Every structure is written in structure tokens, then in C-alpha cells.
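First comes the structure, then the notes that go with it.
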There are 2 protein chains.
Amino acid sequence: MGVSKTENFSKRQNEMAALLKALAHPARIAIVEYLLSVDTCICGDIVDHLPLAQPTVSQHLKELKAAGIIKGNVEGTAICYCIEEKALAKMQVYFTQSAEKIKSKNQSKCC
Amino acid sequence: MGVSKTENFSKRQNEMAALLKALAHPARIAIVEYLLSVDTCICGDIVDHLPLAQPTVSQHLKELKAAGIIKGNVEGTAICYCIEEKALAKMQVYFTQSAEKIKSKNQSKCC
DNA sequence: TTGATTTATTGCAATATTACGATAAATGAA
DNA sequence: TTCATTTATCGTAATATTGCAATAAATCAA
């Protein structure tokens, strides 16, 4: 990503950026939406639901897991991936607060 | 970013990924938070509030604008940047719906 | 017009991301 | 143990991102 100067920003800002970055790809959005759509989280068939090769999907899953957006349990030969509720909640709170902040503002000056 | 196969995902998935990607950098998070924190949107001093050189900030602003997260009006020598309310609302709705979906789920099977 | 101020663009080096073939590792079944 | 199945890792090519110095462009003031 080039030489991101992360040390110059707050921990909270870096964490939120990392969380959003983990979701900032259509394949990872699709994975999360698929996990949200299935009722149980036995998810050995994620690869079949995505238009990407298995190593690519595995890499995206790894990124989502590293960011704490999903979690995975070994389940025999398969692996069971599920949404990590807390991560989604964090983003929901962040955008809800931001949306509230903007509504309470007086923006009539120029825009 | 390598060769993202965007054509294989839905328009909605690509749009959400693009919106999140635009925010997925601490500098851009910081810019949006700064714009949220000032009451009027006369914002010629964004550069002074960020630990980055002026061309770098300008580039981040361009990205945010291209994604529709902020809008800018020429205001004499300065430029007035403001939050685009609709973009934030989109993300808020997306995560609120996702969070609701996960709460209504039966995840007891394995995670 | 000239100069000062502010923002945008260009060009480039350093690094990160994406995708996938090949292959490895892990597990259960026979 | 051997085989089949599933997921992870490695290696690599193609492309994208980040940051900044240098410079351009735009606007206002004098």
C-alpha cells in the first residue's frame, strides 16, 4: 500500500481503517454477506459460492479473520467460518455516530 | 491492488466495497472526522490538521470526493470541503442491517 | 500585470494487493 | 497405511496505493 504513516494517526483511527480495509473488496463483502445469509455456520462451501479460485478465497478468508471480522473453527476435514458479531457492531456504531453528528450540524455556510 | 475481478460481483457489492475502500485509510478517516468536528464547512485548513504533505492530502481528498464521501466548493482562493451526508447514511444502513441480520440468526451450531 | 496564497497535478520510488498454479498440510475413510 | 477431500501456503506476475518533491493552475490583492 505504499508507506502508510500509520504512526501519525490515533490508534482508534488506525483500527477503524484496518476494519474497513478488510471489507473493502467485493469478494470479502460477498463472503460476509454469504455468511450472513446462511442460518447455520457450517461453511465449507464458501469457495463454491464465489467466482474465484480456491487459493484466492482462502487468502480473503485469512484477511477477514486477521481483521477479526470472521472466526473459524476446524470441523473435521472442513472449516466452519462465522461472522464475528463484535466487529460488525463496531462499524455500525461508528457510522451511526457519524451520521448523527452530521445531522446535528449547521452546514448552511457553503455546501 | 492487482487484478480485481469486479465484473464477477454484483453492482451493489462493488459499490459498497468502493465506498469502504475510500475510507479504509487512517488519513481519510482523519479527514472525515475533522470535517465532522467543525461546525461550518469552510475547510481550507485540512492540510494543517494532518501529519502529511500538501500533495498527499490533496490526493486523499480527491479520492474521498471521487467516492462521493465528501464534496467541495471553490470559495475564492480556498476550497470548501464538506461531508456528503448520503454516503455516510449508506454505510450506516448497510451495517445496521447486517448487525440486525446477525442478531436474528441461530449460530449455536459451531461458533 | 505582478506577487502571494492555496490547491491540483505530474512523476517517481517504495511497498501492498490481487489472483492463481503448484504444492503442502490436515483430516477422515477404507 | 493409502487415498480422497478440504484448506493453507508458497511463489510469482500484474497492478494499485502511498507519499512527496517539483511544478502547475487558479484566484485575489495591490
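Note that this is a predicted model, so its numbers are computed, not measured.
B/Val93 and B/Met16 sit in two unconnected hydrophobic clusters of ILVMFWY residues. Membership requires side-chain heavy atoms under 4.5 Å apart, directly or through other members.
Sorted by residue number, the members of residues 52-60 of chain A with any non-hydrogen atom under 4.0 Å from DNA chain D read A/Gln54, A/Pro55, A/Ser58.
Atom CG in B/Asn14 sits roughly 13 Å away from atom P in C/dT18 (whole-Å rounding). Atom CD1 of A/Ile31 is separated from atom P of C/dA19 by 10 Å (rounded to the nearest Å). Summarising the geometry, the separation between CG on A/Asn8 and P on D/dC20 is reported as 9 Å, rounded to the nearest angstrom. Taking atom CG on B/Leu50 and atom C1' on D/dC20, their separation rounds to 15 Å, with Å as the unit. If you measure from atom CD of B/Glu63 to atom C1' of D/dG19, you get 12 Å, rounded to the nearest angstrom. We find that CG of B/Leu23 is positioned 16 Å from C1' of D/dT17, with the value rounded to whole Å. The separation between A/Ile70 atom CD1 and D/dT7 atom C1' is 13 Å, rounded to whole Å. In this structure, the CD1 atom of A/Ile79 is 16 Å from the P atom of C/dA25, given to the nearest Å.
Here B/Glu85 does not pair with B/Lys71 in a salt bridge; the nearest charged N to carboxylate O distance is not below 4.0 Å.
Ranking D/dT9, D/dC20, D/dA8 by closeness to the A/Lys5 side chain, first place goes to D/dC20.
Take A/Phe95 and apply the ring pair (Phe, Tyr, Trp, His ring centres under 6.0 Å) test, not counting sequence neighbours, and it matches B/Phe95.
B/Arg12 has its side chain out of reach of A/Ile29: every pair of non-hydrogen atoms, C-beta onward, lies at least 4.5 Å apart. Residues A/His25 and A/Arg28 meet the side-chain proximity criterion, which asks for heavy atoms closer than 4.5 Å. Taking 4.5 Å as the limit, some side-chain heavy atom of B/Ile46 sits within range of a side-chain heavy atom of B/Val57.
A/Tyr81 has no side-chain polar atom (N or O) that falls below the 4.0 Å cut-off from OP1 or OP2 of D/dT6. Proximity of A/Lys62 to the phosphate of D/dT9: a side-chain N or O atom is located under 4.0 Å from OP1 or OP2. In this structure, A/Lys21 reaches the C/dT17 phosphate: one of its side-chain N or O atoms is under 4.0 Å from OP1 or OP2.
A/Ile69 and A/Ala22 make their closest contact through CD1-CB, 3.6 Å (heavy atoms, listed as atom of the first residue, atom of the second, distance).
Positionally, the nearest nucleotide of DNA chain D for B/Arg28 lies more toward the 5' end than for the other of B/Arg28 and B/Val74.
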